[in-house]
Amino acid sequence: GNSVTQMEGPVTLSEEAFLTINCTYTATGYPSLFWYVQYPGEGLQLLLKATKADDKGSNKGFEATYRKETTSFHLEKGSVQVSDSAVYFCALAAYSGAGSYQLTFGKGTKLSVIP
Amino acid sequence: SQTIHQWPATLVQPVGSPLSLECTVEGTSNPNLYWYRQAAGRGLQLLFYSVGIGQISSEVPQNLSASRPQDRQFILSSKKLLLSDSGFYLCAWWHETRNTIYFGEGSWLTVV
């Protein structure tokens, strides 16, 4: 089956530091890749996505590139802010036949940004 | 407009009581729908998914069940709650045209 592996946290950074959260996947076919963010006490919100190889998703200063050769979708941000403190989930969606799509999530990485 | 909603947002239930969480989507037809549970400080565990009315696939055998009585309605139930059922429950919708996963607001369940 499909799987998503992301770096375990927690990750603690100072404000304005560079952020990388690694994500690799295993899937058959051509999955779509996503990063979701969960702020404390809230549900999951889409941060960015990429639907085919070499696509770059970007939003709010975050970006990730769909690398099929390395099966990776690492999340990066050049300068984090305190407001970026949240849990980040890497995910993929893949068609599994008969009109069904399999959604697979990583375990989440908690990011804390300190002033 | 196309939206997903789930309720209730918060509930505290005694052990042994029943549970019903409801999820509805609007502005679409024949959606793929999913129920996930997130235990405190942990990742997402897929509980059930459904590709259509009356079609339910269970990923983890447990104290919960799901039903899809209407095309845009997905219900998570339990006849008798356990303490271990406590957690954050999320309904999700795979939007095939937009190639995106949308989540409901989430439901916090505390079993006491």
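Every value quoted in this text rests on a predicted model; they were computed, and no experiment measured them. Chain letters run A, B, ... following the sequence lines, proteins first, then strands; residues in each count from 1.
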Contacting moiety of Asn99(B), where chain A heavy atoms sit under 4.5 Å: both

Per-residue contact mode, Glu42(A) against chain B (heavy atom under 4.5 angstrom): backbone

Part of Ile101(B) within contact of chain A (heavy atom distance under 4.5 Å): both

In terms of the angle between their ring planes, are His95(B) and Tyr102(B) parallel, tilted or perpendicular, with boundaries placed at 30° and 60°? perpendicular

Applying a criterion of heavy atom separation less than 4.5 Å, what residues of residues 64-87 of chain B form contacts with chain A? none

Listed by number, the residues in residues 103-112 of chain B that come under 4.5 Å of chain A (heavy atom to heavy atom) are Phe103(B), Glu105(B), Trp108(B)

Does anything in residues 61-115 of chain A form a disulfide bond (SG atoms under 2.5 Å apart)? List the pairs, not counting sequence neighbours. Cys23(A)-Cys90(A)

Gln55(B), part contacting chain A, at a heavy-atom distance under 4.5 Å: neither

Side-chain donor or acceptor of Asn59(A) paired with backbone N/O of Leu47(A) under 3.5 Å: yes

Using a heavy-atom cutoff of under 4.5 Å, enumerate the residues of residues 105-115 of chain A that contact chain B, numbered in order, or state 'none'. Phe105(A), Lys107(A)

Is any side-chain heavy atom of Cys91(B) closer than 4.5 Å to one of Trp93(B)? no

Is there a side-chain contact between Tyr25(A) and Pro31(A), using heavy atoms and a 4.5 Å cut-off? yes

Please determine which of Trp35(A), Phe73(A), Tyr88(A), Tyr36(A) meets the ring-ring contact (aromatic ring centres under 6.0 Å, His included) test together with Phe62(A). Tyr88(A)

Checking Leu103(A) against chain B: side chain, backbone, both or neither under 4.5 Å from a heavy atom? both

Chain A heavy atoms under 4.5 Å from Gln38(B): which part of the residue, side chain, backbone, both or neither? side chain

Chain A contact via Thr100(B) - side chain, backbone, both or neither, heavy atoms under 4.5 Å: both

